[in-house]
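One structure is given here, and the rest of the page talks about it.
Quantities reported herein were computed from a predicted structural model and do not represent experimental measurements. If you read the sequence from its start, that first residue is 1, and numbering goes on from there.
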Amino acid sequence: VSHEIPSIHPYIGISSTKIVGHSTQMADATVTEEGHKGLLLGAKALAATAADLFADADLPEQVKQAFGK
């Protein structure tokens, strides 16, 4: 998708300690209260970005121009 349209790959924090991605340690962190808070914050940020794009008819074109598409 990112080859055709501007996109992001955000990282969210789900643990206050350093953990390795794609590990059992990471999986364990996703079911903690801290993990749930981080996942919810990430979901809200993505939803807010989508809402901004839908609310402003000119914004998608501005984003494309900013990324040279």
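- Cluster partners of Leu46, by chain and number: Ile8. The rule joins Ile, Leu, Val, Met, Phe, Trp and Tyr whenever side-chain heavy atoms lie under 4.5 Å apart.
- Taking the ring pair (Phe, Tyr, Trp, His ring centres under 6.0 Å) definition, one finds that Tyr11 meets it with His9, sequence neighbours left out.
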Name each donor-acceptor pair under 3.5 Å that joins a side chain in residues 47-58 to protein atoms two or more places apart or in another chain, with its distance.
unit_1	atom_1	unit_2	atom_2	d
Thr49	OG1	Ala45	O	2.9
Asp56	OD1	Asp58	N	3.0
Asp56	OD1	Leu59	N	3.4

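- Sorted by first then second residue, the side chain to side chain donor-acceptor pair (under 3.5 Å) pairs that include residues 17-29, not counting sequence neighbours, are Ser15-Thr17.
- Taking every heavy atom of both residues into account, Lys64 and Pro6 meet most closely at CA-CG, 4.1 Å.
- Think of Met26 as one node in a network of Ile, Leu, Val, Met, Phe, Trp and Tyr side chains linked at under 4.5 Å; its network also takes in Ile12, Ile14, Ile19, Leu39.
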